[in-house]
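Structure first, then comments.
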Amino acid sequence: MFFCTNRIGVEKLMVDDEISLLQNLIDNSNNMAAITGAGISMSAGINDMEHLNFAATIQMMSETILKIQPKHYYKIVRKGFLDGTFIKGPTIAHRKLAELEQSGKLKGIVTTNIDCIHTVAGNKNVAEIQGSFGVNKCLKCGKNYNDINIWNQGSCPKCTECGSAVCAFPVFSHVGVNNPDVYKAREWLSQADLILVIASKGMYSGTYWNHLNRKAKIVQINTKRTQFDDIAFLNIHRKADDVMDHINCFERKV
């Protein structure tokens, strides 16, 4: 862990100053990365860990329920995640991150979210370090279906080869140190000169944080204080949508 000696506290800046400084940091960045957590998806109706329905979550992790009660399983997944992904999302913050990638500024997003909203918003470089509904396989023959859209057909997906149930994380998980997304996360963060931490509470030090470029400026956007507060160059304690809505993602003409 490292500490930025030039940290700017949110209490020293007015709202307009925070946005102006963030815009300036983005304009002057040549290699930006983002870290996102559950909070970025809450305005799309997807709850964070503090507000999850744990009974529904346990059922969503059940291979047995997926096989025996696929309609019930799909209803739970649809309510918990898919409506937020395909109907209510992407949020303003998701769309702005997609624009930042399109502009060439943002090299990659590291996320603990499994909702795939970054992909739906248009981002191509996303490291989903805890799995997602975009990584799927058949429970019987093991055929891979790496596409979030198979969950937007009105029912649980079936394997085109053998007709068996297709499942995603969290029924199965590719999480771990051998997860290729972890290596992508480490690469992007080790090269970044600016890192936006948006609505994330955890550093996941053993997974990616220890690989951070120590010269990178860190900007945290979160409504609450987190462990990032003491190491961030700039803390903006506001909703991600409210902040990112003011950001110009493409090069501004003078």
Non-hydrogen side-chain atoms of [X] and [Y] separated by less than 4.5 Å:
| X | Y | value |
| --- | --- | --- |
| Lys201 | Phe228 | no |
| His237 | Lys224 | no |
| Thr111 | Ile129 | no |
| Thr223 | Arg238 | no |
| Leu22 | Ile247 | yes |
| Gln130 | Asp181 | no |
| Leu66 | Tyr74 | no |
| Cys159 | Cys141 | yes |

Can you tell me how far apart [atom1] ([X]) and [atom2] ([Y]) are? Round to the nearest 0.5 Å.
| X | Y | atom1 | atom2 | value |
| --- | --- | --- | --- | --- |
| Glu101 | Cys249 | CD | SG | 11.5 Å |
| Ser200 | Asp48 | OG | CG | 11.5 Å |
| Asn125 | Thr119 | CG | OG1 | 10.0 Å |
| Ser41 | His118 | OG | NE2 | 6.5 Å |
| Phe81 | Ile76 | CZ | CD1 | 11.5 Å |
| Glu18 | Ser20 | CD | OG | 11.0 Å |

Mind listing the closest non-hydrogen atom pair of [X] and [Y] along with its distance?
| X | Y | answer |
| --- | --- | --- |
| Leu106 | Ala34 | CD1-N, 3.7 Å |
| Ile221 | Ala240 | CG2-CA, 3.9 Å |
| Arg78 | Phe86 | NH2-CB, 3.9 Å |
| Cys138 | Cys162 | SG-SG, 3.4 Å |
| Val126 | Lys184 | O-NZ, 3.6 Å |
| Glu128 | Asn179 | O-ND2, 3.8 Å |

Give a yes or no on whether the backbone of [Y] and the side-chain of [X] come within a donor-acceptor separation of less than 3.5 Å.
| X | Y | result |
| --- | --- | --- |
| Asn28 | Leu25 | no |
| Asp115 | Thr85 | no |
| Lys107 | Gly104 | yes |
| Asp193 | Asn30 | yes |
| Arg186 | Thr207 | yes |
| Asn248 | Phe250 | yes |
| Tyr145 | Gly134 | no |

Is it the case that more than 12 heavy atoms not belonging to Lys143 sit under 6.0 Å from its NZ atom?
yes

Is there a side chain to side chain contact (heavy atoms under 4.5 Å, CB included) between Val243 and Lys239? Walk through the geometry before answering.
CA-CA 6 Å; Val243 174; Lys239 292 181 179 179; over 6 Å; no

Establish whether [X] and [Y] are linked, either directly or via other cluster members, by ILVMFWY side-chain heavy-atom contacts under 4.5 Å.
| X | Y | value |
| --- | --- | --- |
| Ile92 | Val219 | no |
| Val77 | Val166 | yes |
| Leu82 | Met42 | no |

I would like to know whether Val197 and Ile218 meet side chain to side chain contact (heavy atoms under 4.5 Å, CB included); could you show each step before the answer?
CA-CA 7 Å; Val197 181; Ile218 300 168; 3.8 Å; yes

Using side chain to side chain contact (heavy atoms under 4.5 Å, CB included), reason through Asn113 and Ser132 one step at a time and then give a plain yes or no.
CA-CA 7 Å; Asn113 298 339; Ser132 78; over 6 Å; no

Does the ring pair (Phe, Tyr, Trp, His ring centres under 6.0 Å) test come out yes or no for Trp188 and Tyr183, once each step is laid out?
CA-CA 9 Å; Trp188 295 332; Tyr183 293 105; over 10 Å; no

So, using salt bridge (charged side-chain N to carboxylate O under 4.0 Å, His left out) as the criterion, who are the partners of Lys88 when residues are at least two apart?
none

Ring pair (Phe, Tyr, Trp, His ring centres under 6.0 Å) filter on Trp151, not counting sequence neighbours, yields Phe133

Hey, mind stepping through Ile195 and Leu212 against side chain to side chain contact (heavy atoms under 4.5 Å, CB included) and telling me if it holds?
CA-CA 9 Å; Ile195 299 171; Leu212 230 63; 3.5 Å; yes

Could you please spell out the steps behind the salt bridge (charged side-chain N to carboxylate O under 4.0 Å, His left out) verdict for Lys67 and Glu63?
CA-CA 6 Å; Lys67 289 180 176 179; Glu63 180 178 326; 2.9 Å; yes

Determine whether the side chains of [X] and [Y] contain a donor N or O and an acceptor N or O closer than 3.5 Å.
| X | Y | answer |
| --- | --- | --- |
| Asn146 | Asn144 | no |
| Asn123 | His94 | no |
| His72 | Gln59 | yes |
| Ser205 | Asn210 | no |

So, using side chain to side chain contact (heavy atoms under 4.5 Å, CB included) as the criterion, who are the partners of Gln191 when residues are at least two apart?
Asn31, Glu187

Electrostatic pair Asp230-Arg225, nearest N-O below 4.0 angstrom
yes

